[in-house]
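Notes follow once the structure below has been shown.
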Protein chains: 2
Amino acid sequence: MATLDDIAKLAGVSATTVSRVINNYGSLSEKTKTKVFEAMRELNYQPNSLARSLKGKKTQLIGVILPGVSNPFFGQMVQEIEDQLFKKGFRIILCNAGSDAEKERDYLRMLMANRVDGIIAGSHNLGIEEYQKVGLPIISFDRYLSDEIPIVSSDNYHGGELAAQALVRSGSKKLQIITGANHPNSPTNARLTGFKDELKKSDLDFDVMEISFSATPNIKGLKIKELLSKREVDGIFCTDDLTALLVIQQAKALGMRVPEDVRLVGYDGTNFIQSYHPELTTVMQPISDIVMVMIDLLLKRVDDHDCELEDNYVLPVKLITGETTA
Amino acid sequence: MATLDDIAKLAGVSATTVSRVINNYGSLSEKTKTKVFEAMRELNYQPNSLARSLKGKKTQLIGVILPGVSNPFFGQMVQEIEDQLFKKGFRIILCNAGSDAEKERDYLRMLMANRVDGIIAGSHNLGIEEYQKVGLPIISFDRYLSDEIPIVSSDNYHGGELAAQALVRSGSKKLQIITGANHPNSPTNARLTGFKDELKKSDLDFDVMEISFSATPNIKGLKIKELLSKREVDGIFCTDDLTALLVIQQAKALGMRVPEDVRLVGYDGTNFIQSYHPELTTVMQPISDIVMVMIDLLLKRVDDHDCELEDNYVLPVKLITGETTA
DNA sequence: ATGAAAGCGCTAACAC
DNA sequence: GTGTTAGCGCTTTCAT
């Protein structure tokens, strides 16, 4: 692979001059510029960004740590992150942390070793104290990581309220929440709180069922089947859309009709769900806006490591009404 | 951020020694090792992989160029790639090329500039001659890129045959194929050919409808609606599962029953579809195996740029039978 | 068992 | 308008 020196030799100038041409810096004669450009073309030259970054420049690399990209919600989020970051000249290193805290720690070390300019983190793992001392700009999605790390999230509390309202409005009397395991400090808990608080107004009964985020769809389906077979609930709020899909599936299998026998509200409202399951009433998170805010904040910190930021940035959610609460 | 020299000073040894400790190289006394390790811990030291790579080492970075990760198929594929590569000590730079050839070219340049060790590419863009001269190990998924680049794919031809068989077996008489726009040199065409060839045996009629891969679900839905309203077909093969979902949606809206009025076979068989749409008959691509082969080949080329590889690696597909062809 | 010194490819004063 | 030089943080001979 050609180096700056190769170009310099071929163009008959010094390395500095080539560097100047590349970075469009200082004053160059048209003649040299042309010569250098030609040489670059001829050797199919690409400046070694490793060397560049070594000299103190940014790497233009951002680490993205999320549970995993096979989930449509995070798939869309990563796509959005990649898209917006690309336009600003950054690339991303994708880190699927899954539910493996050790892997997440490894990734954190690697990202430090690679001198990424910053990190966007939104995994579900807890107790990773390493976040305290990465010494790199970090923005978190929807999780508390450390006191210094700003959290961007949608308005989970209001989302919970909206879900409750939709269920109540549709005439449900015996309500059920199906949610991931209860993580302390997680803004996601607010979905629950909002839901409960809203219900207090109407004095209705409800139950909470927790199913680990990392359980397989089969396991989740089983638990849902158990729940539904009792035929005791007529309104369900799932704190994510995929679980809601499972409820529809199991209800159908049990001969229960949605929404006649049981009403249903999901959460997330990805493009995928909106296109392929428009029947589902759900609370839509503004993924694009969330990402925009995260990137904005992150790049601010990249430019100035010590710039002051709020602890929390909360973006509005929206209820999308489908037939499952008709 | 601490450097090797900082550690050397703190431990009271030379930089060379620290380097030896890090790389577990040459002969070291236990005493020095301990001192150095302590210093590293104290300063939360991470070796600068940029500097390391500059010295001729590999970057342990692999570029992954795909249409986009918000599609469940590619989402699962990327997740699989990331997973398998992580275990071998590599990280990935994610490049969503979308349907933007210029973006793909940009990414190619960036990947060269970043000195990634290799590239896995499976975008849908055509006419990117740059692949000819990247000078980096590349493996392609399901697309022809250049004569030197091996293609790994599932057995598209047999997949087409299986789809046809399933439809015929279920008693369909007037068949329809819905597929992406016909790209020259794309192994995906084989799905069509396999389907057609199989049909010749049974002497049934069929039509082909092309819908661009990059069309929105709404657009696709519209075309499908037009098609279905004529009520002329009773068996449909979609060359991807998401389109099949759209067919189910439109059929329902038109009051047509699946499979009574129209039978349906999809293609891909992701975990997502298997879990959330088990009713869909589909041809499953062995994503995990495909990725394993791609990575195996890629790493061979990383170790030895000139190692001989086959042009094509074809992995077996499997028909998953659901109720849409019952 | 350890250190000194050169160099990977690039940028940025500092000359002229 | 262009060249010289000194590093960035690390690895790697070659000494000792």
Side-chain angles (χ1 to χ4, degrees), chain A residues 1-40 43-61 109-117 135-136, chain B residues 1-40 43-61 109-117 135-136:
Chain A
M1 191 139 275
T3 78
L4 199 153
D5 268 316
D6 298 333
I7 307 295
K9 251 160 235 159
L10 209 168
V13 296
S14 78
T16 313
T17 303
V18 178
S19 176
R20 285 204 181 96
V21 174
I22 290 171
N23 298 294
N24 196 26
Y25 192 77
S27 47
L28 294 308
S29 77
E30 279 308 316
K31 238 167 68 180
T32 10
K33 273 192 193 173
T34 324
K35 273 192 303 184
V36 171
F37 278 131
E38 260 170 27
M40 286 173 54
L43 300 183
N44 193 214
Y45 171 72
Q46 290 298 333
N48 185 332
S49 65
L50 274 51
R52 243 196 247 222
S53 305
L54 227 209
K55 260 315 267 189
K57 299 251 176 191
K58 325 228 76 57
T59 53
Q60 302 295 114
L61 245 24
R109 277 182 225 114
M110 288 175 172
L111 293 178
M112 292 176 69
N114 277 296
R115 300 302 190 263
V116 295
D117 293 336
L136 243 36
Chain B
M1 192 140 273
T3 77
L4 200 154
D5 269 316
D6 298 333
I7 308 296
K9 251 159 234 160
L10 211 169
V13 296
S14 78
T16 313
T17 304
V18 178
S19 176
R20 286 204 179 93
V21 173
I22 291 172
N23 298 294
N24 196 27
Y25 191 78
S27 47
L28 295 307
S29 77
E30 279 307 317
K31 238 170 64 182
T32 10
K33 274 193 194 173
T34 324
K35 271 192 305 183
V36 171
F37 278 132
E38 260 171 27
M40 285 173 55
L43 299 182
N44 192 214
Y45 172 71
Q46 291 299 332
N48 185 333
S49 65
L50 272 53
R52 246 195 243 220
S53 305
L54 225 209
K55 266 310 272 185
K57 301 249 178 193
K58 324 228 77 52
T59 54
Q60 304 293 114
L61 243 26
R109 276 181 226 115
M110 287 175 172
L111 294 177
M112 292 176 69
N114 277 294
R115 300 302 190 261
V116 296
D117 293 337
L136 243 36

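The chains referred to below are lettered A, B, ... by the order of the sequence lines, with proteins before strands, and numbering in each begins at 1.
Protein atom CG of B/N24 is 14 Å distant from nucleotide atom C1' of C/dA1, rounded to whole Å. Taking atom NZ of B/K35 as the reference point, atom C1' of C/dT2 lies 11 Å away to the nearest angstrom. Taking atom NZ of residue B/K9 and atom C1' of nucleotide D/dG9, one finds them 12 Å apart after rounding to whole Å. Straight-line distance from the CG atom of A/N114 to the P atom of D/dC10: 13 Å, rounded to whole Å.
Across B/R20 and B/L28, no two heavy atoms sit closer than the pair CB-CD1, 3.8 Å. What you find for B/R52 and B/N23 is that their closest heavy atoms are NH1-OD1, 3.6 Å.
A donor-acceptor pair under 3.5 Å is absent between the side-chain atoms of A/S19 and the main chain of A/A15, judged by distance alone. Using modelled atom types, no side-chain atom of A/N114 and backbone atom of A/V116 make a donor-acceptor pair closer than 3.5 Å.
Between A/S29 and D/dG1 there is no side-chain N or O to OP1 or OP2 distance below 4.0 Å. Residue B/S14 places none of its side-chain N or O atoms closer than 4.0 Å to OP1 or OP2 of C/dA4.
Looking at B/E30 and B/K33, a side-chain N of the basic residue comes within less than 4.0 Å of a carboxylate O on the acidic one, giving a salt bridge.
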**Request:** Spell out protein contact along nucleotides 8-16 of chain C as letters: B when the base is contacted, S when just the sugar-phosphate is, - when no protein heavy atom is under 4.0 Å; keep the 5' to 3' order.
**Result:** BBBBBBB--
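Judged purely by distance below 3.5 Å, without hydrogens or angles, the side chains of A/S14 and A/T17 pair a donor atom with an acceptor atom.
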